[in-house]
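Input: a single structure, listed below in structure tokens.
Values below: every heavy atom of this structure, side chains too, minus hydrogens, waters and symmetry copies.
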Amino acid sequence: MSRRPGRYDETAPHEGGDAAATDGRTPPRHARARRRRVVVLPAVAGVMAALLLLTGGYAAYSYNRFVGGVTTVDAIPSPGGGGSDDSDDVDGVAQNILLVGDDHRPDNATPEELALLSTDSDGGATNTDTMIVLHIPADGASATMISMPRDSYVDIPGYGKNKLNAAFSLGKQSGGSDAAGAQLLIQTVQNLTGLTMDHYVRVSLIGFYRVVDALGPVDVCLNQAAVDSFSGVNLPAGVSTLDAKQALSFVRQRHGLPGGDLDRQVRQQYFLSVEARKILSAGTLLNPAKLGSVLDAVSSSMETDAGLNFLQLANQVRDLRPENVRSATIPILGTPTVYVGGSALSVVEVDEGAMPAFIQGLVGPPQAYTDATAAAPADVSVSVANASGVTGAATVATDALAAAGFVTAAPASAESTAATVVNYPAGQEAQAKAVAAYLPGAVAVASSQVTSVTVVLGTDGVTVQAPAAAPAPETPAETAAPDAPETETPETTAPEPAPSPSPVGTSYAAGACIN
């Protein structure tokens with residue numbers, strides 16, 4: 001990776017899949033330029049709208065009509081075919097739904113709708129410009145929307161390194177169907193995050209427009225005016241009431257924002273939280289005509305896996321409130337430019353080393369780790385890898401752990417990462433807990449990539465520190481000298497594991513304003 005610009009670089013060319021025709025040909029330069037002006041960011045509001053409305057009691061009247069309009073596709077990879085099996089499912093009965101937004105044209109799109117979106121002369125695209133994992137814990141009382149930047153430079157199974165938004169297109173070109181595209185995208189996301197995708201939902205740009213149009217005007221608040229001729233947004237500072245076309249411009253804006261596409265994700269996350277409140281307002285829930293219009297709009301533009309039971313899922317989230325829907329973005333290191341075949345390519349560099357801690361902050365530690373009692377340092381073998389960028393940091397940490405009584409291996413180095421992590425293999429929870437006690441702020445993460453406890457030092461500055469009160473070594477009674485004077489043993493406290501990370505993501509309060 002050659003350079004790391006200060007902001008997201010919109011001028012660098014993208015890989016062929018970014019705006020390529022489905023036959024693999026690269027479109028002419030003028031077509032690429034037009035796509036940059038109209039490339040869409042279809043939101044994934046459809047699934048949230050359906051769940052929240054069905055939770056609101058409309059199911060008895062509308063469910064059969066709703067599911068009758070939804071298109072299904074064989075999207076979930078089978079175990080052994082590149083997908084995850086049950087043993088890899090780190091969050092058990094929690095639900096992970098991959099929400100995908102792109103610029104494909106549903107068969108039922110009308111010329112009038114295309115004209116309203118200023119896309120009637122544009123053939124659309126299957127590149128997935130919006131990818132969000134909706135994580136719903138088992139109790140359904142909260143949810144987190146995990147955004148994955150479309151330009152994340154990741155490993156796509158069978159294709160090597162590429163942008164994440166190319167996975168669907170590559171899969172579809174190779175397998176000849178939307179199902180093949182969905183399966184390759186899901187495999188890529190699962191490999192990237194470590195989360196098993198339980199379900200899949202794809203919504204088009206027109207689907208987003210239909211949902212917002214059915215809901216009616218939506219209020220947003222900006223800290224400063226936003227003007228962008230590319231997306232068409234033109235809003236003053238303060239509160240603005242948006243119709244469907246203005247809302248589309250709002251969630252599409254990236255030009256004029258310091259972080260480009262990264263800031264555009266904030267726009268999407270914020271808008272989805274505002275829309276959730278709109279859906280749950282009395283004006284929507286107590287208006288059968290509006291409820292029907294919204295659900296019809298959702299179902300007519302949605303593609304899901306065949307196993308997704310909306311009524312069952314709606315029952316799981318019946319206690320979900322908008323203030324308990326959080327937004328987060330996967331950890332990234334920056335937006336460098338790489339060179340592929342001699343051509344410059346602007347990408348988002350994912351912090352893969354920080355991903356396990358990020359995901360664990362979301363789903364919580366495994367029960368085996370929670371239940372474990374920290375082992376004695378002398379019974380723990382540990383190695384330290386330096387990913388902090390600070391010369392000698394691994395040596396310093398290794399020496400400190402050795403002085404604390406741990407059995408240490410030679411220090412090593414690793415690729416840069418932000419978060420300090422204590423990796424451990426299954427079965428060594430007690431050993432990991434002992435090491436984590438000496439690294440306050442680090443997260444202990446189960447990993448199949450290590451055979452013993454391994455500390456990876458990140459750029460977060462976490463260092464080895466003795467616990468406030470280390471445990472006194474145990475002395476068997478029978479080995480004590482029989483005539484030794486009896487003395488009072490001072491009370492000691494076992495070392496505590498590192499504190500649990502704060503809840504992942506941001507929750508937007510009612511009436512909140514963004515930049």
When rounded to the nearest 0.5 Å, the distance separating CG of L195 from CD1 of I186 is 13.0 Å
**Q.** Side-chain (N96) to main-chain (T196) donor-acceptor, under 3.5 angstrom
**A.** yes
Test side chain to side chain contact (heavy atoms under 4.5 Å, CB included), reference V350, set L192, L164, L333, output is L192
Contact between M148 and L98 at the side-chain level, heavy atoms closer than 4.5 Å - yes or no?
yes
Rounded to the nearest 0.5 Å, the CD atom of Q183 sits from the OG atom of S177 at a distance of 7.5 Å
d(T304 OG1, N309 CG) to nearest 0.5 Å is 10.0 Å
Interatomic distance, CE@M131 vs CG@N165, rounded to 0.5 Å, equals 5.5 Å
Fill in: Side-chain (E429) to main-chain (G427) donor-acceptor, under 3.5 angstrom
yes
Those residues at least two apart in sequence (or on a different chain) that pass side-chain contact (heavy atoms from CB on, under 4.5 Å) with S299 are F66, V70
request  = Classify the side-chain pair D351/T417 by whether it contains a donor and acceptor separated by less than 3.5 Å.
outcome  = yes
With a cut-off of 3.5 Å and sequence neighbours excluded, list every side-chain donor-acceptor pair involving residues 445-459.
from : atom 1 : to   : atom 2 : distance (Å)
S447 : OG     : Q449 : N      : 3.0
T454 : OG1    : S383 : OG     : 3.4
T454 : OG1    : S452 : O      : 3.1

Steps toward side chain to side chain contact (heavy atoms under 4.5 Å, CB included) verdict (E303, V201): CA-CA 6 Å; E303 183 178 87; V201 174; over 6 Å; no
>> Can you classify the ring geometry of F271 versus F250 as parallel (below 30°), tilted (30 to 60°) or perpendicular (above 60°)?
In response: tilted
